[in-house]
2 protein chains.
Amino acid sequence: MKYSKQRELIYKKLKANPIHPTAEEVYLQLKPEYPAISLATVYRNLNKLAQNNTIKKIQGLDASDRFDHNTHEHYHFICEKCHRVYDVDLELLSYINDNVSNYNVKSFDLLLKGICNNCKDL
Amino acid sequence: MKYSKQRELIYKKLKANPIHPTAEEVYLQLKPEYPAISLATVYRNLNKLAQNNTIKKIQGLDASDRFDHNTHEHYHFICEKCHRVYDVDLELLSYINDNVSNYNVKSFDLLLKGICNNCKDL
DNA sequence: TATAATAATGATAATTGTTATTAGTTTGGT
DNA sequence: ACCAAACTAATAACAATTATCATTATTATA
């Protein structure tokens, strides 16, 4: 994989970002400091980094794919009101390995939904 | 919810179908015996039945939403080659309840990916 | 250092999956 | 039978993503 300034900026932006942004959110945040950047480039590079396991792609939480620089084992909770995404620390890998034997599981994800504490009293 | 012939047919088709079809697959299977049916009607009714908990909507496995008439606890494994979807029996509910305390989890899903036995030698 | 090969880019068109709209039809309670 | 509500088919609209393409940047090699 060749170096590109754009990819470096995209990755840095993601690392600085705890909100598990969508490609478009990364794009919009990058635009002010690098106005020439293209949305397609952001999509391309986030997906490429995810293939590399440099970052993680979160699919199925809501309509858009989201990205996470944190590749350690953890899962995500999305608030159905405010759509904020939170990290959930949970050990599932061994549980899945021990209990799913009849399939050759290469990857899996756990997606949690509900109402977050910020929203519960609104 | 008022009765409609179309919804009955859609539900019957899903019940007869172990492959966790997408809305479009249900539509295509229904078309020959009910040519007037519309794709939008299939979407509408599958979503409505899922809201009722009559069926279950599986999101995040691949690009399309899939539907499952089986509402008992189980999860899904998708083959990354043939895109077939398999049932995975697993008890996770109590594990999640016991281990995720800081979020008010209303629903969750576990999505598994890999290569199925049919495809592993191809 | 010049050059060639390759992989990246920005801009935008195209595609895909899904939902909304609309005008008209079916249903069930009175 | 009448009426309002819920339904329908068809299709337009929409949002998210990917593909295309001409150009530019990066890397390897002569």
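All values below come from the heavy atoms of this structure, side chains included, with hydrogens, waters and symmetry mates left out. Treat the numbers as computed from the prediction; the structure is a model and nothing was measured.
- Counting heavy atoms of neighbouring residues, nucleotides and ligands inside a 6.0 Å radius, atom NZ of A/Lys81 exceeds 12 of them.
- Whole-Å rounding puts the A/Arg44 CZ to D/dT17 C1' distance at 12 Å.
- In the hydrophobic clustering of ILVMFWY residues, with side-chain heavy atoms under 4.5 Å counting as a link, A/Ile96 and B/Leu93 come out together.
- Atom P of nucleotide D/dA12 and atom CG of B/Leu39 are separated by 14 Å, given to the nearest angstrom.
- Nucleotide D/dT11 holds its P atom 15 Å from the CD1 atom of B/Ile37, rounded to whole Å.
- Nearest-nucleotide positions on DNA chain D for B/Lys5 and B/Lys2 put B/Lys2 closer to the 5' end.
- Contact annotation for A/Tyr43: base contact, defined as any heavy-atom pair under 4.0 Å involving a base atom.
- Regarding B/Lys48, its NZ atom lies at a distance of 14 Å from the C1' atom of C/dA20, rounded to whole Å.
- Within the nucleic acid shown, B/Ala40 comes within 4.0 Å of at least one base atom, counting heavy atoms only.
- What separates CG of B/Leu46 from P of D/dT8 is a distance of 11 Å, to the nearest Å.
- Under the rule for a ring-ring contact (aromatic ring centres under 6.0 Å, His included), B/Tyr27 has no partner lying at least two apart in sequence or in another chain.
- B/Asp62 comes within 4.0 angstrom of nothing in the nucleic acid, heavy atoms only.
- In this structure, OH of A/Tyr27 is placed 15 Å from C1' of D/dA15, rounded to the nearest angstrom.
- Following rounding to the nearest Å, A/Glu25 (CD) and D/dT17 (C1') show an atom-to-atom distance of 15 Å.
- At whole-Å resolution of the value, CZ in A/Arg7 and P in D/dT26 are 11 Å apart.
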